[in-house]
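Just below is one structure, and these are the notes that go with it.
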Amino acid sequence: MKKKLHVLLSVVAASVFLAACNTTPEQTNTDITPTVAVEKPTETNPAETPDATETPAPTETPTAEPLPTATPAPTATPRPDISGVSLKEIYKDDFMIGTIYNTYIDSGKDNELVKQHFNVITPENLMKPEYMQRPQGTFNFRDSDHMMSIAERDGLTVIGHTLAWHSQSGDFLGIKNKEGNPVTKDEAIQQLKDHIYGVAGQYKGKIYSWDVLNEAIADGARLPEDGDWTKCLRDTQWTRSIGPEFVAMAFQFAHEAAPDALLYYNDYNLNESEKAKIAAAMVADLRSQGVPIHGIGMQGHYSINTGLGSVRNSLKLFSQIEGIKISVTELDVGVPNSNGKLSAQNEKKQALFYAKLFCIYKEYADVIERVTFWGYRDDTSWRSENCPLLFNKDLSPKEAFFALTDPEAYIAAADAEEKVVARVANASYGTPEIDGKKDGVWLQETMPYKINTPLFAYQGASGTVRILWDEHYVYTLFEITDKDLNADSFNMHEQDSVELFLDPENMKEDYFTDYAGQYRVNYKGELSFGTVPTTEGVKAAATQTANGYLIELAVPVENTLAAGMTLGFEAQINDSNDMGMRQSVMKFNDSTDNSYMSTALWGEVLLK
C-alpha cells in the first residue's frame, strides 16, 4: 500500500507540473539528556483557522531585490483531489511535519486539514512570555491549557514557544522588580528562573520540546577569531541585567523544570554563514560545559530568492555538532512584491523552491526531527502579502503543496520543461604577466565582454572582462568605469571591487560545488575570498585609470585545462558610495545575488 501511495503521489506531482509548466520541579538533575527516552510521536490527525497573527517580523539586513529571472508563462492546471494525500504520511520516515496553533484549528475545515497533514503544533503567540505571566508573579494558563486539550483530543504533539526572549516579554522580566525599581542581577536571575519554572514546569511531561531561548544573536555579528560567541549576543534586558551567563541558566532552568523535554536554541537567518558559525560555536561550547541543550531551531523565513546552498551549508555545519538535533521551526517562503496574489509563474517558482528545499531537508533527515510551517494558509500568515504557505484562503492547495507530495519528481519535471541557456564568453590561450596593465597578449588575443546585468535598480559602476587561459590558470582582466572609489567598508564586498566566480567542472547546482571558487579584488589590488578550493597561487594586480580602475587576476585550477572545455564562470562589479555602502552590483549572467552560494545561474566560458 505504501508503495502504491508513493507511486500515486509521484504521478500526481509530476503530471500537475508538466501540465502547468504552576508545579514545583523535582530535585535538580545535572544530566543534560532528557530523563525519559523521547521518541518521535506517532501521528493521528489536526486544523481550523487563526486570527490575524501578531508575530513580529524578524530583523533582516535590507537588500535590494534582485531582478526576476524570465521563465515561460505556465498554463492553467486543474487541481486533482487530495483527500487521500497526507504530508505527514509522506514524510513519516523523514521528520515530523508541523504548523502553528491558533484557535482557527479547533474545529471545522481548518481542523480537518491540520489533522490530515500535520502531527505537531507550535503556539504562534500565546506562550510567549508576556502572555504567560502578566502581571509579575501571576501566570495565565487558560489559553495554553485550551491548546493542550485540543492537541490531546486530536493526537498532536506540542512544541513550547518560547521561554526566554528579548521581545514580547512584558515590561518587567529582566527589567524591574515588584517595587518598580531596576532589577539587581540576583533579582533578574530569580525572575528568569521563576518564569521558566512556572511555564515549563506547568507542562512537565506534556510538551515534547521547548524553544528555550529565542533570537539571542545580534544582527550583523561576526564570530571573533578567539571563538568567543558571548561577544556576539544581542544587547537585551537579559544581557544587561545578568550577562551572557543567562544563556546557560535558561537551559539549565528549563531542564530542571521539564527534564523529559528536548531543549532548543531558536533563531532566524541561520542560513547566513556568519550567524550560523556563531550559533554553532555557542551550542557546541554549551554542550562541552554540560549545559542541557539538545537542538538548534532554524526558523526558515525565506523568499524564492534565498540561496538554497546557504541552507545546505548551515545544515551541514550544525549536523557536525555531536548530540545536536535540528528542527526547521517557522518555515515560510515568500514571493516578494506579490501583494497578496501570486501569478501562475510565481506560484511555480515558489513550488520549485519548496521542492528543492525539501530535497535538502531529506538529505539531512537523520538529524532533522521536524519541519514546522509557520501557518498553513496564506491569508492568516504574518507575511500574507508575500503568499508564503501551502494553501489558499479557501484551503485549496497551492502548487507548492503538490510539489511537496514528491519533490524529486517535481524538480525532474521542471528540469525537463525548462532549460536555462547561459551566456557564454570565449577565452583565448595565453599567459599574461600579472602587473595591472592591459598589454601584450591581452591586446592581441582577447575581446571584452560587457558586465551588464544589473541586480539593483540603481546602476553605477560599469565595465568589461577579458579572459585568457593556459594549462593551469584562468586569467581575467577587468576594466571598470567608476569615478568615485571607496574601500572604507569592513565588508570587502561593499568596497569598489570586482569578483570572479569560477567552476572548472561547470556543475550548475543550487549550492556551491567543491571545486567552485569566489575571488574578489578591490581597486587597490587587495585580494579577498569567499569559498575557494585554495588561495595558494592566486595573484592579482590593480591600476587606477582616468575613469576608474583595471584589475588583472590569475586563478589556478587543479586539473589540466584544454581547448574545448567549458567552465562555469561569473563576473561581478561592486560599486561603493562615498559612505562605504554598496549601491550597485553588475553581473555577467546571473541576475540574482546568490552567486556566492549557488553555481546554478552562472554564465560559462569556452576555452578556445
Side-chain angles (χ1 to χ4, degrees), residues 22-23 34 36-55 82-92 95-128 131-132 139-163 198-211 257-258 260-262 264 327-331 369-377 379-381 389-391 393-395 397 401:
N22 198 342
T23 59
V36 175
V38 181
E39 299 178 349
K40 288 187 181 180
T42 56
E43 53 271 298
T44 10
N45 281 341
E48 234 228 359
T49 310
D51 294 354
T53 66
E54 301 173 12
T55 307
I82 65 164
S83 58
V85 180
S86 168
L87 290 179
K88 67 181 183 182
E89 284 295 321
I90 293 170
Y91 292 98
K92 67 181 181 181
F95 31 70
M96 295 182 285
I97 299 292
T99 188
I100 59 172
Y101 172 80
N102 272 315
T103 55
Y104 282 17
I105 76 166
D106 287 359
S107 61
K109 292 183 178 179
D110 290 83
N111 177 261
E112 293 304 318
L113 183 143
V114 171
K115 289 191 294 185
Q116 180 177 349
H117 296 292
F118 305 102
N119 45 25
V120 58
I121 55 172
T122 303
E124 184 178 24
N125 286 297
L126 64 86
M127 296 192 86
K128 291 173 180 175
Y131 301 113
M132 295 304 298
F139 289 89
N140 176 16
F141 299 115
R142 184 193 64 182
D143 293 342
S144 52
D145 282 350
H146 174 73
M147 174 189 67
M148 297 301 293
S149 69
I150 296 296
E152 183 177 7
R153 182 196 71 187
D154 292 339
L156 297 166
T157 299
V158 179
I159 308 299
H161 176 80
T162 176
L163 295 173
V199 178
Q202 174 74 9
Y203 298 106
K204 174 183 175 181
K206 298 178 180 179
I207 285 185
Y208 177 74
S209 68
W210 277 100
D211 293 336
D260 57 337
L262 296 176
Y264 272 77
S327 282
V328 180
T329 57
E330 304 180 18
L331 180 62
E369 68 167 4
R370 68 181 165 94
V371 176
T372 290
F373 294 86
W374 209 236
Y376 54 94
R377 46 184 266 198
D379 65 305
T380 61
S381 167
L389 299 171
L390 303 184
F391 295 89
K393 180 179 180 178
D394 63 0
L395 303 184
F401 172 86

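Residues: numbered from 1 along the sequence shown.
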Report task. For the residue pair F391 and F401, categorise the inter-ring angle as parallel (less than 30°), tilted (30 to 60°) or perpendicular (more than 60°). Result -> tilted

Query raised in the report: What heavy-atom pair brings Y264 and E369 nearest, and what distance separates the two atoms?
Result: OH-OE2, 2.7 Å

Report summary line: CG (L126) and NE2 (H161) are apart, to the nearest 0.5 Å, by 10.0 Å

Query raised in the report: In Å and rounded to the nearest 0.5 Å, what is the CD1 to CE distance from I121 to M96?
Result: 12.0 Å

Query raised in the report: Where do A261 and S209 come nearest, in terms of heavy atoms and distance?
Result: CB-CA, 4.5 Å

Requested in this report: Go through the structure and list residues passing side chain to side chain donor-acceptor pair (under 3.5 Å) with T372, not counting sequence neighbours.
Outcome: R370

Report task. Could you tell me whether K109 and E112 make a salt bridge, using a distance below 4.0 angstrom between a side-chain N and a carboxylate O? Result -> no

Requested in this report: Locate the shortest heavy-atom distance separating T162 from D211; write the atom from each residue and the value.
Outcome: OG1-O, 2.7 Å

Query - Among T122, I159, I150, D143, side-chain contact (heavy atoms from CB on, under 4.5 Å) partner for Y101 - result: I150

**Report entry** Qualifying residues under side-chain contact (heavy atoms from CB on, under 4.5 Å), relative to I207, sequence neighbours excluded
**Finding:** M127, M148, V158, Y203, W210

Query raised in the report: Would a distance-only check, ignoring hydrogens and angles, find a side-chain to backbone donor-acceptor pair under 3.5 Å from N140 to R142?
Result: yes

Requested in this report: Identify the heavy atoms of L389 and G375 that sit nearest to each other, and give their distance.
Outcome: CD1-C, 3.5 Å

Query - Heavy-atom side-chain contact between T99 and I105 under 4.5 Å - result: no

Requested in this report: Could you tell me whether the side chain of M132 reaches within less than 4.5 Å of the side chain of Q202, counting heavy atoms only?
Outcome: no

**Report entry** For M147 against P123, the heavy-atom pair lying closest together
**Finding:** SD-CB, 3.6 Å

Query raised in the report: Taking only residues two or more places apart in sequence, or in another chain, which ones meet T329 in a side chain to side chain donor-acceptor pair (under 3.5 Å)?
Result: N266

Report summary line: Smallest heavy-atom separation, H117 atom then I97 atom, equals O-CG2, 3.8 Å

Query raised in the report: About how many Å separate CD1 of I100 and CZ of F373, when rounded to the nearest 0.5 Å?
Result: 12.5 Å

